[in-house]
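In the text below, chain A, chain B and the rest are named by the order of the sequence lines, each starting its count at 1.
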Amino acid sequence: MSRKYVMEFERPLIELEEQLVALRRIDLSDNPDLMIEVSALASEIDRLRIETYGHLTPWERVQVARHPDRPKVQDYLAAIFSDVIELHGDRLYGDDAAIVAALATLDGRRMVVLGHRKGSNTKENIKRNFGSPHPEGFRKAMRAMRLADKFGLPIVSFMDTKGAHPGIDAEERGQAWAIAESLALLSELHVPIVTVGIGEGGSGGALAIGMGDRLIMLENSYYSVISPEACASILYKDSARAADVAEPLKMTAGDLLDLGVSDETIPEPLGGAHQDPEAVFSAVSERISSAVGSLVVIDDDELVERRYKRHRAIGVFEEGA
Amino acid sequence: MSRKYVMEFERPLIELEEQLVALRRIDLSDNPDLMIEVSALASEIDRLRIETYGHLTPWERVQVARHPDRPKVQDYLAAIFSDVIELHGDRLYGDDAAIVAALATLDGRRMVVLGHRKGSNTKENIKRNFGSPHPEGFRKAMRAMRLADKFGLPIVSFMDTKGAHPGIDAEERGQAWAIAESLALLSELHVPIVTVGIGEGGSGGALAIGMGDRLIMLENSYYSVISPEACASILYKDSARAADVAEPLKMTAGDLLDLGVSDETIPEPLGGAHQDPEAVFSAVSERISSAVGSLVVIDDDELVERRYKRHRAIGVFEEGA
Amino acid sequence: MPIADWFKARDERRYTSIGGGSAQTDVPEGVWSKCDACKRTIYEGELVAANRVCPHCGHHFPLTAMQRIDLMADEGTFVEFDAGLTSVDPLQFCAVKPYADSLDAAQDKTGLNEAIITGRATIGGHDVVIAAMDFRFIGASMGSAVGEKVTRTLEAARAEKRAAVIVTASGGARMQEGILSLMQMAKTSSAVARLGSAGLPYISVLTDPTMGGVTASFAVLADVVFAEPAARIGFAGPLIIEQTIRQKLPRGFQSAESMLQHGMLDGVVPRDELASRVSLVLDYLALASQSGDAS
Amino acid sequence: MPIADWFKARDERRYTSIGGGSAQTDVPEGVWSKCDACKRTIYEGELVAANRVCPHCGHHFPLTAMQRIDLMADEGTFVEFDAGLTSVDPLQFCAVKPYADSLDAAQDKTGLNEAIITGRATIGGHDVVIAAMDFRFIGASMGSAVGEKVTRTLEAARAEKRAAVIVTASGGARMQEGILSLMQMAKTSSAVARLGSAGLPYISVLTDPTMGGVTASFAVLADVVFAEPAARIGFAGPLIIEQTIRQKLPRGFQSAESMLQHGMLDGVVPRDELASRVSLVLDYLALASQSGDAS
Ligand SMILES: [Zn+2]
Ligand SMILES: [Zn+2]
């Protein structure tokens, strides 16, 4: 059995858990003292589990958001949607595997699903560039957005990216242009747009398909103007100090709710969504249905107006003399 | 002095002209017989000039249309337009030098000018791919079309291409898609579109910026579904037999007028537009102004409707039982 | 057929080539076909049952326009438009042979009046207009008649608020009609644009081969574009490209799979899934456009 | 100044670095500047007369926001919007040093309240709203105040039927305001879209450097996009790209000239032609949009 992925902060807990497993393999029926010790260890582990996972720091949440076993857009598509037809290509240059666009059905409601698509394993991650889109990915998403708009299909967008790909070809094919145009387009669509932050929400590359009428964040997903590593690299000239900036950047689901940027937080199982994906699927499905349901009844123009006001209102500043 | 470009069919004439020039360099004052011969040669040349250029065959017109000294879109821009601001790029991939898009002013009227852009010399022709656009060229043109539509600027389009570039990269970036989208877009623009065939009009690559409300053809320009070489290559397995298919393809300005595809023909100086560019500039300028002037007064929606009907009506077929 | 009978009957069979391939290998006509791709023989009944997809290698044999419609439309729902609409020879075109003769020969060979069949039908219960091209008819090239039939079909979709489904196969524009056939690109593209402005869905299915002026007009302007496996799709023909660039084309160039990778298609769909896939897309687009559920 | 006096006065001069370059060579402040590009010295008066373009090599020195507006707007026509609108420190951000301190320092250094100046003016007689960014102010990064000022400016253009002209220079989003600054991309892009729907023209001029969230929002959404020569324009910073791809970047990467070649700009315009070029574009777009001549 391959060793499971261990996040740094959960290592002490995992090690104790492994010791407990080892101890329980031994027949202790003639050693009551040791049995008591094992029992104490089990209690200690229970306590430590709560301590470890019960109050995650922002940096720990970032690690949970990046956990390789964390459910990804393809898992949501498989688990909660039916009649899925993936749409491909930007009709211009390529079919970016880091973005998924699909016709999909949730609770009988036809919609367009967008998402950053990370791979489920290393090989797939290389193909999908670890979920970091090139311009053609955003342009594929834009094509799907226009299709949704034309045919009155609500859009549900799953945000999960470290960010738009920083590369020579991406810059030369207009990464900034693709993101900007996607934002302008999203602002004018006459259909509801619900975004779910399911993992990483890295900067403009996340926003480019994440701007909409409702933002729902999983408890351990993050959404930030800059990755904590890049921020630490700028401020401390040391990307290893990411943990130090994760808190001040206010990038957790809780921060976003406090700041009025997100609308709701979906709690995760103790330790993260990967500990009980089924529970997460069910909650996400229910919250999307509810959000879309509350938006489809709004008149088109009113919807666009509200979306404008929603983003118009974000920002804190002072009116001087 | 570099030798001037000679078209195959004018070679006998040019050779006689050169002989005449040589003879006239000789002092013939003491040789009246020879003087008479020279005079006869001059008359013969005049006769031959009319014979050579007066009734060009379709294949000869194709050669005139391709003459390297023939005025090109940049010559028209310089000669008859003012306040020219070239627009660049498709915002997607590149800036195709084989297509020009510009804000330009004719007789005080602001407009958008499009054109296939051949080079004025070999070096420039290589840069401009001999006026054969890649998809990014058509997409640049589309950007200019949308700009024209948004700001109510009439479009004048100069057609002069052997055709869209047939190449691996062009195919892979969606040559057919770019052309088709350009046609669909042109069909819906709410501004007048006047096209002038100034040289070659090769197939879909010409049509992609050539579809509009009025088609004006220079006398020796051509416009064809397929190049005569490619047609001969298919039918005779021999592209050298292009001359044999130029007539049946009905690709001359006169044919187009007869078929109802073009609206008017601008006569050229004897021998072709390159023999007296100024006269051609003046005629073209006048005809564009007149065409645009007659279109700008038409209501937007009516204009689109008429454009639809214009193309809707093209085609000859039989209704059977 | 018992194997002994098969050997016994062998000499009585006529052999012919199937599928338009260049390999002039002998194949039993009517009873046995030989696959262009894997060269294996296939019993005709098996081929028909598999919608003319090779059971050995998955190669998709060409279909006639009527076979296409049978494949896509709900049984018994197809009603043809403009069956009598035919090409004439507007340019009196004659090079090598008269266009009029080519038309006659194509009509004789196919029993069709033109290279496309159009009409009304339902697909998975959705009201559609449907068109399918027939490559046997002068390479399903688009002249005035094809352009007119496509345009009328798209106009009917708009008038009757139906979705449009077009299955393409074409060598491109019909050069024997000169500039008139080029203009069919403008005409059909305009009709697609109008249908789109009316908010009605259009799905196209590109089959082998879809080239030239058909690709560069109505074929690729659909809301959702599918293609059959290995279909050749492009603008310029491979020979012209090779002549221009003076190098060999890469393997798989202009294949449906390559065009998918280059972002030009929504999917490559095996023939036996086509009808259900198109029907499902119509569930999304046609229902939404009719009920206005979300807006 | 006679050469002898110059030598005499030399020791009295203070030397400082100009233009934000990394070379810490001494340059006489106020009187002489040293060009970052060609390293030659330029008499300050000459530099001012040339709009701070090096007369030796054409290098474009940075301009302040007010210098930008002076360069673009017709003289005496500029009326500022929201001069008192300033950033606060919504996240109480503190890493290395408090954001509040950075704001104070930037205000002290520049005499500005924020990294952008916005207002009403005319350009070549055309009514416009105009905005210019000031890189000295925390790298002209976009936080809530910049986003708000850009948005109000675009909204004013819409309300007053004016064209919008924005001169950008920015390191990107202002990370000290976290997600709030990311959301300014959505806010400003929405405002551009609205202006566009109203049929009003928007021209942007990208100057060195225009990066990150400013490039990826309002900067490139203009109807016509110009850039100054050699301006660095992009989304990701070159260091991040080098770290990601582990190779050196090609020469000229992310330069205005390279972005023009890659289809992203309408033109690279030398500073001394900028105002007249923008004015001429407005002749096309603003007049047309007001007179409705063609439609
Ligand atoms: Zn086979
Ligand atoms: Zn210099």
Carboxylate-amine/guanidinium contact A/Asp96 A/Lys140, below 4.0 Å = no
Counting N and O atoms only, with roles assigned by atom type, does the side chain of D/Ser255 sit under 3.5 Å from a partner on the main chain of D/Ser258, one being a donor and the other an acceptor?
-> yes
Side-chain contact test, heavy atoms from C-beta onward, threshold under 4.5 Å: evaluate it for A/Val112 versus A/Met145 and give yes or no.
-> no
Of the listed D/Gln254, D/Gln92, D/Arg194, the one with the largest count of heavy-atom pairs under 4.5 Å with chain A is D/Arg194
Side chain / backbone / both / neither for A/Tyr223 at chain D, heavy atoms under 4.5 Å | both
Cationic N near anionic O, under 4.0 Å, D/Arg152 to D/Asp82 | yes
So what's closer than 4.5 Å to chain D heavy atoms on A/Leu256: side chain, backbone, both or neither?
-> side chain
Could you have a look at A/Gly315, A/Gly210, A/Pro248 and say which one has the most heavy-atom pairs with chain D under 4.5 angstrom?
-> A/Pro248
At a heavy-atom separation under 4.5 Å, does D/Gln247 approach chain A through its side chain, its backbone, both, or neither?
-> side chain
Chain D heavy atoms under 4.5 Å from A/Ser203: which part of the residue, side chain, backbone, both or neither?
-> both
Proximity breakdown for A/Met211 and chain D, heavy-atom pairs closer than 4.5 Å | side chain
Hey, are A/Arg117 and A/Glu124 close enough for a salt bridge, meaning a charged N less than 4.0 Å from a carboxylate O?
-> yes
What part of A/Leu207 is in contact with chain D, defined as an atom under 4.5 angstrom from a non-hydrogen atom: side chain, backbone, both or neither?
-> side chain
Segment of A/Leu235 engaging chain D (4.5 angstrom heavy-atom cut-off) = both
salt_bridge(A/Asp160, A/Lys118) N-O dist < 4.0 Å = yes
Counting only heavy atoms closer than 4.5 Å, note whether A/Glu188 contacts chain D via side chain, backbone, both or neither.
-> side chain
Whether D/Thr118 side chain and D/Lys149 backbone form a donor-acceptor pair below 3.5 Å = no
Does a salt bridge link D/Arg251 with D/Glu257, judged by any charged N lying under 4.0 Å from a carboxylate O?
-> no
May I ask you to name which of D/Glu148, D/Met185, D/Lys97, D/Glu114 has the most heavy-atom pairs under 4.5 Å with chain A?
-> D/Glu148
Name the option with the most non-hydrogen atom pairs under 4.5 Å to chain D; the candidates are A/Ser187, A/Ala313, A/Ala176.
-> A/Ala176
Under 4.5 Å from any heavy atom of chain A - which part of D/Val96 = both
Looking at D/Glu155 and A/Arg312, does any basic side-chain N land under 4.0 Å from a carboxylate oxygen?
-> yes
A/His134 and A/His165 aromatic ring geometry - parallel, tilted or perpendicular at 30°/60° bounds | parallel
Of A/Glu181, A/Glu172, A/Arg173, the largest count of non-hydrogen pairs under 4.5 angstrom with chain D goes to A/Glu172
Given a strict heavy-atom distance threshold of 4.5 Å, which part of D/Leu91 is in contact with chain A: side chain, backbone, both, or neither?
-> both
Side chain / backbone / both / neither for A/Leu185 at chain D, heavy atoms under 4.5 Å = neither
Atom group of A/Arg310 that falls short of 4.5 Å from chain D, counting heavy atoms = neither
Side chains of D/Ile241 and D/Phe253 in contact at under 4.5 Å (non-hydrogen atoms) = yes
Evaluation steps, side-chain contact (heavy atoms from CB on, under 4.5 Å), between D/Phe218 and D/Thr168 = CA-CA 9 Å; D/Phe218 66 90; D/Thr168 64; 3.8 Å; yes
Where on D/Ala219 is there a heavy atom nearer than 4.5 Å to chain A: the side chain, the backbone, both, or neither?
-> neither
Residue part contacting chain A, namely of D/Ser190, when any heavy atom lies under 4.5 Å | both
Looking at D/Leu180, D/Thr151, D/Val225, D/Ile179, which one has more heavy-atom pairs under 4.5 Å with chain A than the rest?
-> D/Ile179
